[in-house]
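Since the structure comes first, as structure tokens, the remarks are kept for the end.
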Amino acid sequence: MSKVYGLVDCNNFFVSCERVFDPKLRNIPTVVLSNNDGCIVARSQEAKALGVKMGEPLFKAKDFLNKHNAEVRSSNYSLYADMSRRVMSVLEEMVPEIEIYSIDEAFLDLTSLRYRDLTMYAKQIKDSVYRCTGIPVSIGVAKTKTLAKIGNHIAKKNLTLNGVMDMNIMSVKQIDGILKNIPVEDVWGIGFRSYNKLRSMGVESAYNFKTLNESWIRSQMGINGWKVQQELGNLDCNFHHNDIRKSLVVSRSFSGYIEHFNELSGVLARFSHSAGESLREEGVEAKYLSVYIRTNYYNQNHKQYMNSITVELEEHTNSSSVILAGVLQGLKKIYKDGFKYRKAGISIFDIKPEGYQLGMFTNARKLDPVFEVVDSVNRKWKGSIKLGRELFSQNKISAKELVSPNYTSSWTELLSVH
DNA sequence: TCTGGGGTCCTAGGACCC
DNA sequence: TCTGGGGTCCTAGGACCC
């Protein structure tokens with residue numbers, strides 16, 4: 001039996017979160033910045049209309065934004081994560097199964113509700129999310145995820161649709177009519193490289209792509225290109241399905257340069273602590289990690305160096321200090337004096353549920369009482385307990401000047417009403 | 001040393017996504 | 001001067017084996 005998917009996507013999510021708590025941003029062009037206030041990563045509709053580009057560095061856009069009286073905010077990820085949880089829990093209440101795809105997107109499995117008027121029901125879902133969280137969303141409904149994404153795209157652009165586009169009730173002919181008006185580069189899964197190839201062959205619309213020779217696609221764009229084509233033809237490949245997490249990355253650019261081992265190790269200690277925290281929160285542990293460091297590749301005058309290394313830990317763990325020990329072991333091997341380091345990161349993989357590999361001589365789940373305490377204290381008073389080495393980091397990460405308060409996740413920053 | 005096909009495993013890098 | 005961070009999956013090619 002064929003499935004029916006809904007794709008819920010929050011409109012301009014980070015900006016919408018800021019607007020929930022600061023209504024004066026409504027109707028004003030607003031952008032949200034990346035870490036270190038480097039790039040623009042979210043734009044309100046008004047900012048998009050002005051031509052502000054995704055990923056544009058702030059220093060290039062600053063004058064333009066000032067001229068148009070745009071509002072600028074640093075990113076506040078704990079606020080966005082919290083708002084995301086609220087949106088997802090509303091969805092969970094209204095649909096038997098949801099698959100969270102990213103911080104601002106989720107697939108709904110609407111198969112068991114297919115005898116209802118799904119256009120109507122999707123509108124109810126949209127309204128409930130807005131009523132309960134203040135976040136506007138759009139919903140695309142279709143028999144494949146790729147088409148649901150296209151439906152979502154149309155629902156966002158065409159205001160007369162009231163935020164919902166239902167392609168499940170359409171015939172193949174009607175769908176083809178729509179695909180003829182979708183530029184091929186707007187199709188989910190067709191990126192920059194493929195687009196260049198396709199354009200040079202005269203493929204311009206999603207419909208052109210759908211009718212392209214299958215074996216050419218298979219050889220030039222691999223299995224995923226083929227799946228995109230199938231899904232445009234209403235054949236479900238359950239594409240973009242992700243179940244449990246396979247890796248975890250913590251990385252940052254610095255607000256200045258780091259030129260000494262100790263300071264770099266301090267930054268990596270902060271990353272190790274944060275990675276351990278995430279693993280413990282999710283009840284998982286990992287056995288491998290890799291460390292990487294790099295200089296600033298935008299600055300041609302600096303000597304360039306980058307390197308990374310993978311380290312195997314003795315056993316699966318989620319202890320921040322064991323992770324840090326592994327990270328330092330790796331860092332010692334790749335660190336070189338005489339460079340201006342700009343960015344570093346760690347990634348953790350081979351992730352398994354906690355206690356998955358109980359040693360032959362252990363008969364209970366390993367608990368690290370130290371980190372249980374550390375976590376519970378830090379949940380209340382954010383960042384108050386650190387690993388010793390974190391003190392070497394000298395605040396070279398996360399320089400945020402324009403950040404909004406943690407309205408929902410910190411008792412001291414609750415919204416006050418006068 | 002050459003001849004030759006066939007298989008697995010691993011890794012780096014490519015491509016794409018939000 | 002100032003240029004994000006966090007993910008997944010696939011593929012080609014090398015190393016090694018029979």
Side-chain angles (χ1 to χ4, degrees), chain A residues 7-14 31-43 53-63 65 72 74-77 80-81 84 99-107 145-146 149 152-153 185-198 218-228 237-257 271 274-275 278 288 290 292 294-302 306-310 312 340 342-351 397-402:
Chain A
L7 175 59
V8 180
D9 193 319
C10 301
N11 303 348
N12 317 320
F13 183 55
F14 295 171
V31 300
V32 175
L33 306 174
S34 64
N35 254 289
N36 285 329
D37 295 338
C39 294
I40 292 165
V41 294
R43 303 154 295 157
K53 293 276 177 298
M54 174 72 176
E56 201 171 353
L58 178 62
F59 74 89
K60 284 186 184 167
K62 215 165 194 169
D63 291 342
L65 292 171
V72 179
S74 296
S75 51
N76 182 347
Y77 282 97
Y80 309 149
S84 172
E99 184 186 328
I100 297 172
Y101 182 73
S102 72
I103 193 164
D104 70 337
E105 268 177 80
F107 288 107
K145 290 180 174 177
T146 303
K149 182 79 178 179
N152 190 291
H153 186 76
E185 69 270 26
D186 285 358
V187 174
W188 207 15
I190 295 179
F192 176 72
R193 310 269 163 183
S194 305
Y195 171 55
N196 282 341
K197 253 186 233 176
L198 291 165
R218 183 66 187 81
S219 72
Q220 295 298 304
M221 298 176 59
I223 187 74
N224 284 332
W226 181 81
K227 283 186 180 174
V228 170
C237 299
N238 195 15
F239 203 14
H240 300 285
H241 178 70
N242 43 6
D243 22 40
I244 63 159
R245 175 207 284 288
K246 298 188 172 119
S247 68
L248 184 159
V249 175
V250 185
S251 73
R252 292 283 185 289
S253 303
F254 315 138
S255 49
Y257 291 105
F271 297 170
S274 146
S278 304
Y288 290 85
S290 65
Y292 81 88
R294 74 172 315 148
T295 50
N296 181 8
Y297 52 74
Y298 290 108
N299 192 327
Q300 313 256 323
N301 301 322
H302 291 177
M306 65 169 291
N307 206 350
S308 69
I309 188 170
T310 297
E312 179 178 3
K340 292 175 184 297
R342 180 66 182 184
K343 185 176 181 183
I346 62 177
S347 79
I348 310 272
F349 47 101
D350 192 22
I351 293 176
I397 43 183
S398 118
K400 292 187 180 184
E401 293 173 4
L402 314 158

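The figures that follow rest on heavy atoms only: side chains count, while hydrogens, waters and symmetry mates do not. Quick note on labels: first sequence line is chain A, next is B, and so on, each numbered from 1. Just so you know, these numbers come straight off a predicted model, no measurement behind them.
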Nearest to the side chain of A:S253 - C:dC9, B:dC18, C:dG4?
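Nearest listed nucleotide: C:dG4.
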
From the list C:dT8, B:dC18, C:dG5, which nucleotide is the closest neighbour of the side chain of A:W188?
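Of the options given, the side chain of A:W188 lies nearest B:dC18.
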
Would you say [X] places a side-chain N or O within less than 4.0 Å of OP1 or OP2 belonging to [N]?
X      : N      : value
A:S75  : C:dG4  : no
A:S251 : C:dG4  : no
A:K343 : C:dG4  : no
A:Y298 : C:dG4  : yes
A:Y292 : C:dG5  : no
A:K149 : B:dC17 : no
A:S194 : B:dA15 : no
A:R245 : C:dT8  : no

A:N35 side-chain N/O to A:R252 backbone N/O, donor-acceptor pair under 3.5 Å
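No, A:N35 side chain to A:R252 backbone: no donor-acceptor pair under 3.5 Å.
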
N-O pairing of A:K145 and A:E99 below 4.0 Å:
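So A:K145 pairs with A:E99 through a salt bridge.
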
Do A:I223 and A:R218 come close enough that some side-chain heavy atom pair is under 4.5 Å?
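Counting from C-beta outward, A:I223 and A:R218 do come under 4.5 Å.
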
Polar atom pairs (N or O), protein with nucleotides 10-14 of chain C, under 3.5 Å:
{"residue": "C:dT11", "atom": "OP1", "partner": "A:R218", "partner atom": "NH1", "Å": "3.4"}
{"residue": "C:dT11", "atom": "OP1", "partner": "A:I223", "partner atom": "N", "Å": "3.4"}

Classify the nucleic acid contact of [X] as base, sugar-phosphate or nothing, counting any heavy atom under 4.0 Å across all strands shown.
X      : answer
A:E56  : nothing
A:L248 : sugar-phosphate
A:V32  : nothing

Taking Watson-Crick and G-U wobble pairs with both distances under 3.5 Å, convert DNA chain B into its dot-bracket string, 5' to 3', dots for unpaired and | for cross-strand pairs.
....||||||||||||||

Mind checking ring pair (Phe, Tyr, Trp, His ring centres under 6.0 Å) for A:Y80 and listing every partner two or more places apart, or none if nothing turns up?
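Expected list: A:F14, A:Y77.
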
